[in-house]
Amino acid sequence: MIRHELEHHGHRYQRAHQDLVLALEQETLGTDYGANGYTTIDQGNRLGALLDLDVDDVLLDLGSGCGWPGLHLAKDNGCRVIGVDPVIEGATVARSRAIEDDMAERALAVVGDGTDLPVRGRSIDAIVHSDML
Ligand SMILES: C[S@@+](CC[C@H](N)C(=O)[O-])C[C@H]1O[C@@H](n2cnc3c(N)ncnc32)[C@H](O)[C@@H]1O
């Protein structure tokens, strides 16, 4: 990822919890995670229904930003989640949200690159990637 993209997303994630930004997110997507894309709460819930996750599953959220939608899916389904994104500001917000939602033990926010994943083979049960090419 090139430097100006890292900075762009980093600035976006630093503002994720400003009142106006949250109000816009809630109004347009129906979420309050600091989402940085176009995936609505209904679409996120449809993903959850399709994946049919349970408490023994590990979900990988690629390009997880501030944790949307991986944290939401893990909260709803009780599974574990690993979010991977190269932007540290997003991982910081995601980690705080996991603690706030009492999911610190089962939600990891990893600063990393999806093209060189820091996970062992066969350790992941499902993958989501919301608004990441
Ligand atoms: C449009 S944002 C979507 C973030 C989040 N999924 C959401 O819906 O709010 C795309 C994200 O992909 C991340 N990204 C870009 N290249 C990546 C890569 N090689 N590996 C992991 N994440 C990457 C960016 O840093 C950014 O946070």
Side-chain angles (χ1 to χ4, degrees):
M1 193 177 201
I2 51 181
R3 188 175 164 172
H4 84 263
E5 284 182 273
L6 279 173
E7 288 175 355
H8 168 77
H9 290 300
H11 290 143
R12 171 73 184 81
Y13 297 147
Q14 281 173 339
R15 295 194 303 270
H17 286 110
Q18 290 179 357
D19 288 345
L20 179 61
V21 176
L22 272 176
L24 282 169
E25 180 187 345
Q26 184 75 58
E27 177 76 20
T28 53
L29 303 178
T31 60
D32 64 352
Y33 281 84
N36 180 24
Y38 302 96
T39 305
T40 66
I41 186 81
D42 289 344
Q43 291 167 332
N45 289 337
R46 281 178 62 196
L47 279 175
L50 287 167
L51 291 171
D52 194 24
L53 300 161
D54 70 32
V55 293
D56 296 323
D57 287 331
V58 178
L59 172 68
L60 175 67
D61 184 354
L62 275 181
S64 47
C66 296
W68 172 253
L71 287 178
H72 170 70
L73 296 175
K75 186 177 178 185
D76 260 15
N77 297 282
C79 67
R80 287 169 283 165
V81 61
I82 302 172
V84 177
D85 198 293
V87 180
I88 192 169
E89 290 88 345
T92 303
V93 174
R95 182 67 188 155
S96 298
R97 179 60 181 259
I99 293 167
E100 194 182 305
D101 285 354
D102 209 16
M103 292 171 40
E105 305 289 315
R106 58 189 175 92
L108 288 178
V110 176
V111 178
D113 185 342
T115 64
D116 184 19
L117 281 173
V119 293
R120 283 197 314 272
R122 297 172 194 255
S123 56
I124 301 297
D125 299 292
I127 301 176
V128 287
H129 48 96
S130 154
D131 299 312
M132 191 194 83
L133 295 178

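Remember, it's 1-based here, ligands and their atoms both numbered in the order they're listed.
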- Sidechain-backbone polar pair: His11 side chain, Glu7 backbone, donor-acceptor under 3.5 Å: yes
- Is His9 in polar range of ligand 1, meaning some N or O pair under 3.5 Å apart? no
- Message: Using every non-hydrogen atom in the two residues, find where Arg12 and Val21 come nearest and quote the distance to one decimal.
- Response: NH1-CG1, 3.7 Å
- Item | Asp113 N/O under 3.5 Å from ligand 1 N/O | yes
- Query: Does Ser130, backbone or side chain, put an N or O under 3.5 Å from an N or O of ligand 1?
  - Reply: yes
- What closest approach, in Å, do Gly37 and Leu29 show between heavy atoms, and which atom pair accounts for it? O-CD1, 3.9 Å
- Check each atom of ligand 1 against the heavy atoms of Tyr13 and keep those under 4.0 Å away; list them by number with element. 2 (S), 4 (C), 26 (C), 27 (O)
- Note on the structure: When rounded to the nearest 0.5 Å, the distance separating OG of Ser130 from CD of Gln43 is 8.5 Å
- Considering distance alone, does some N or O of Val87 sit under 3.5 Å from an N or O of ligand 1? no
- Report the nearest protein non-hydrogen atom to atom 7 (C) of ligand 1: residue, atom name, distance rounded to 0.1 Å. Trp68 O, 3.4 Å
- Item | Salt-bridge criterion met for Asp32 and Arg97 (N-O under 4.0 Å) | yes
- Tell me: protein heavy atom nearest atom 22 (N) of ligand 1, and distance? Pro86 CD, 3.2 Å
- Task: Quick one: look up the protein heavy atom nearest atom 6 (N) of ligand 1 and list residue, atom name and how far away it is.
- Result: Gly63 O, 2.8 Å
- Message: Regarding ligand 1, does Gly114 bring an N or O atom to under 3.5 Å of one of the ligand's N or O atoms?
- Response: yes
- Identify the protein heavy atom lying closest to atom 15 (C) of ligand 1, giving its residue, its atom name and the separation to 0.1 Å. Met1 CE, 3.5 Å
- Message: Is Asp85 close enough to touch ligand 1? Criterion: a residue heavy atom under 4.0 Å from a ligand atom.
- Response: yes
- Query: With a 4.0 Å cut-off on heavy atoms, is Gly90 touching ligand 1?
  - Reply: no
- Contact (N/O only, under 3.5 Å) between Thr115 and ligand 1: no
- Message: With a 3.5 Å distance limit and no angle check, can you tell me whether Asp57 reaches the backbone of Asp54 through a side-chain donor-acceptor pair?
- Response: yes
- Strictly by modelled atom types, are Ser64 and Asp85 linked by a side-chain donor-acceptor pair under 3.5 Å? no
- Task: Look at the side chain of Glu25 and the backbone N and O of Tyr33, then say whether any donor-acceptor pair between them is shorter than 3.5 Å.
- Result: yes
- Looking only at protein heavy atoms, identify the closest one to atom 9 (O) of ligand 1 and say how far it is in Å. Asn36 N, 2.6 Å
- Task: Give a yes-or-no answer on whether the side chains of His9 and Asn36 include a donor-acceptor pair shorter than 3.5 Å.
- Result: yes
- Against heavy atoms of Ala35, which atoms of ligand 1 measure under 4.0 Å? 9 (O)
- Element-labelled atoms of ligand 1 that are located less than 4.0 Å from some non-hydrogen atom of Asp131: 1 (C), 2 (S), 3 (C), 10 (C)
- Shortest non-hydrogen contact from Cys66 to Leu71? O-CD1, 4.1 Å
